[in-house]
Trainee: 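Below you'll find the structure I mean.
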Amino acid sequence: MASQERTARMEKIVALCKRRGFIFQSSEIYGGQNGFWDYGPLGVELKRNVRQAWWQDMVVANDPMLPDPVAPCGFNIVGIETSIIMHPQVWKVSGHYDLFADKMVDCREAKGRYRLDHMKGRWITGALAQKAAPEGSVPTPPNEVGDWYVTTMADGPEAGDALVKRACKLFGVKSNETHKLAWKSELSTLASVPLDKYDHVIGPDATGPGTLTEPRDFNLMMETNTGALQTAENKAFLRPETAQGMFVNFKNVCDSSRVRVPFGIAQIGKSFRNEITPRNFTFRSREFEQMEMEFFCAPAESPKWYSYWRDRRMKWYAALGIKSENLLLREHDKSELAHYSVGTADIEYAFPFLDEGEYGELEGVAHRGDFDLRSHSEGKLDKALNVELGPDGQPKYRGSGKDLSYFDDQTRERYVPHVIEPAAGCDRTTLAFLCEAYYEDEAPDDKGVMQTRVVLKLHPRLAPVKVAIFPLIKKDGQPEKALEIYKAFKDAGINAQYDAQAAIGKRYRRMDEIGTPWCITVDGQTMTDGTVTLRDRDTLEQIRIPASEVVDLIAKRLRA
RNA sequence: GCGGGUGUAACUCAGUUGGUAGAGUGUCAGCUUCCCAAGCUGAAUGUCGAGGGUUCGAAUCCCUUCACCCGCUCCA
């Protein structure tokens with residue numbers, strides 16, 4: 001089975017990550033913490049390199065004076081680093097607060113999950129007609145007269161009728177004798193029922209009472225408190241995305257850094273979400289790192305910029321070694337889009353933990369229109385881009401009241417810029433590079449027995465260790481010469497390792513397994529003519545070059 | 001959240017009807033070794049996922065719990 005092969009491959013990658021110190025489970029000695037992961041000595045180098053490659057391409061490489069030939073024009077992108085905890089109003093205006101602030105109850109019998117405030121019901125007195133207690137319920141003596149809370153998920157005017165229907169069935173009353181139903185209360189939501197009465201609640205799809213769990217919060221956002229006192233007033237949230245930090249600093253950046261539209265603000269940082277089901281290694285974590293960029297442009301230019309960023313981001317993954325057959329650009333269907341949006345595309349990777357033909361999201365490139373800047377200015381907008389009003393006719397969530405428009409002194413126009421947002425998951429990207437790099441060779445050993453060689457074919461710029469230096473044998477001055485070369489790499493700021501332990505073949509294999517692209521070996525010939533061998537991880541080929549030139553050569557290859 | 005599976009050394013795994021743990025790989029040290037998991041000698045390493053119970057005695061039986069994997073469900 002192809003899927004078993006894929007699972008086995010993924011398990012080997014996870015084992016390698018642990019064995020060689022790329023990724024560990026968080027708090028492992030205490031039994032682990034679901035949805036959280038630690039990066040080990042090699043993993044942290046790999047992840048740093050991913051960040052650095054992103055920052056290089058998204059920030060450092062860009063300048064209005066040096067336009068990318070395929071871009072509409074030249075532009076700047078500046079970096080920023082904003083706090084994880086922001087003013088709580090930020091999340092109300094951004095829409096995150098409303099998105100998932102609901103209490104949910106589960107029904108143990110019907111295996112359903114319901115929003116507490118959507119479940120309507122009425123109290124009624126009577127004897128339940130049911131005989132056997134349903135699965136998951138509180139056992140009830142049959143035909144006992146009591147007070148019950150009958151519920152339904154039916155909405156609006158239908159709710160009352162639906163309850164009558166349900167009650168007839170539950171109490172064995174004929175549908176033309178509904179006057180026999182002894183209602184004790186008007187329609188209310190389950191939120192009005194105290195927890196200690198849940199034994200008497202009959203779920204919308206249950207056949208008996210007491211099958212509902214207590215209401216549980218399903219909050220996307222992690223909560224915390226900012227003062228020593230944990231009161232409702234000082235409740236705060238750990239950011240679920242880094243983007244809002246850039247939107248709320250739009251004016252600061254404009255006023256302080258001589259940028260002109262079009263320009264971008266980029267940020268790399270941690271975000272937090274209470275994922276319901278953390279799964280698939282680091283893919284769905286509750287604490288994760290994002291690499292996001294908000295590109296501000298004139299509304300009329302935004303479709304061109306959207307296409308540009310979507311294509312450019314695809315190229316970035318390819319340039320760092322992701323094969324095109326494992327990468328998918330998935331344009332969202334027009335019906336999935338908010339009407340103001342020109343498009344949203346996901347960049348997806350064929351992770352081995354997914355079935356063949358399935359892809360997991362690495363990055364979303366979204367055209368966000370002026371939704372965010374206008375919301376933070378005027379108040380949270382609804383889908384029609386009007387300020388969403390509360391019952392009192394005032395904005396439901398007030399914006400900052402600050403003017404976040406931009407005056408273009410070339411065209412003499414004032415407008416709220418539109419935003420193109422390429423938002424990548426750093427941990428997912430790191431994981432994708434690991435999965436892509438994992439490779440097994442077979443080669444005979446000196447006894448002719450086939451041996452598996454595990455290689456991480458990481459792009460040299462991503463490899464945690466760039467080069468290893470070995471003395472072929474531990475004498476004749478070879479260790480001393482090798483250490484000298486090793487120090488030259490350290491001095492040049494290139495991450496190198498020295499290893500004199502065990503046979504040369506074993507040392508090469510150790511380096512293959514962690515993805516080190518090059519190994520340099522000092523041998524007998526080095527002592528006479530000053531040359532060393534340079535061995536390539538992928539081709540296994542060796543060339544001889546002067547020891548004095550190796551640092552420059554590797555540095556040059558890393559820049560290429 | 002539900003159902004199924006798993007959890008023993010750093011990794012992969014063995015461990016009989018209950019009698020307080022083994023292998024291979026890896027790691028480390030020494031010798032050897034002039035290029036792709038070489039050889040010899042030696043060494044270290046386990047709260048048998050955690051907590052509780054039964055028992056004279058638990059890796060093994062029971063309960064609870066945590067984590068991971070698979071399938072549903074849910075979801076940015």
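Here is how names work: the chains are called A, B, and so on, in the same order as the sequence lines, proteins then strands, and each is numbered from 1.
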Trainee: Which pairs of donor and acceptor atoms, one on a side chain in residues 468-479 of chain A, lie under 3.5 Å apart (sequence neighbours left out)?
Mentor:
| unit_1 | atom_1 | unit_2 | atom_2 | d |
| --- | --- | --- | --- | --- |
| A/Gln478 | OE1 | A/Leu472 | N | 3.2 |
| A/Gln478 | OE1 | A/Ile473 | N | 2.9 |

Trainee: Provide the distance between the two C1' atoms, one in B/A58 and one in B/C48, to the nearest whole Å.
Mentor: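 Between the two C1' atoms, the distance is 11 Å.
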Trainee: Please give the distance between the P atoms of B/G19 and B/A59 as a whole number of Å.
Mentor: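 Here B/G19 and B/A59 have their P atoms 9 Å from each other.
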Trainee: Work out how far the C1' atom of B/U12 is from that of B/G7, and round it to whole angstrom.
Mentor: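 Here B/U12 and B/G7 have their C1' atoms 14 Å from each other.
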Trainee: Of all the nucleotides listed (B/C28, B/G30, B/C69), which has the minimum atom distance to the side chain of A/Arg510?
Mentor: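 The answer is B/C28, which lies nearest to the side chain.
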Trainee: A/Asp38 has an atom CG; how far is it from atom P of B/C68, in whole Å?
Mentor: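 Value for this atom pair: 13 Å.
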Trainee: Apply side chain to side chain contact (heavy atoms under 4.5 Å, CB included) to A/Ala502 and list each qualifying residue two or more places apart in sequence or on a separate chain.
Mentor: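 Result, side chain to side chain contact (heavy atoms under 4.5 Å, CB included) vs A/Ala502: A/Lys506, A/Arg510.
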Trainee: Tell me the closest heavy-atom pair linking A/Gln244 and A/Asp372, and the distance in Å.
Mentor: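 So the minimum-distance heavy-atom pair works out to NE2-OD1, 3.9 Å.
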Trainee: Check the distance between B/U25's P and A/Arg19's CZ and give it to me in whole angstrom.
Mentor: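 After rounding, the reported distance stands at 14 Å.
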Trainee: Measuring from the side chain of A/Ala503 (C-beta onward, heavy atoms only), which nucleotide among B/C11, B/A67, B/A38 has the closest atom?
Mentor: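 So the nucleotide nearest the side chain must be B/A38.
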Trainee: Would you say A/Asn274 reaches B/A76's phosphate, i.e. side-chain N/O to OP1/OP2 under 4.0 Å?
Mentor: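 Checking A/Asn274 against B/A76: no side-chain N or O falls below 4.0 Å of OP1 or OP2.
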Trainee: Out of B/C70, B/A76, B/C35, which nucleotide sits closest to the side chain of A/Arg279?
Mentor: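 Looking only at heavy atoms from C-beta outward on A/Arg279, the closest nucleotide is B/C70.
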Trainee: Can you tell me how far C1' in B/U8 sits from the matching atom in B/U45, rounded to whole Å?
Mentor: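 To the nearest whole Å, 14 Å.
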Trainee: Can you tell me whether the side chain of A/Arg535 and the base of B/C35 have a donor-acceptor pair closer than 3.5 Å?
Mentor: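 No such pair is found, so the answer is no.
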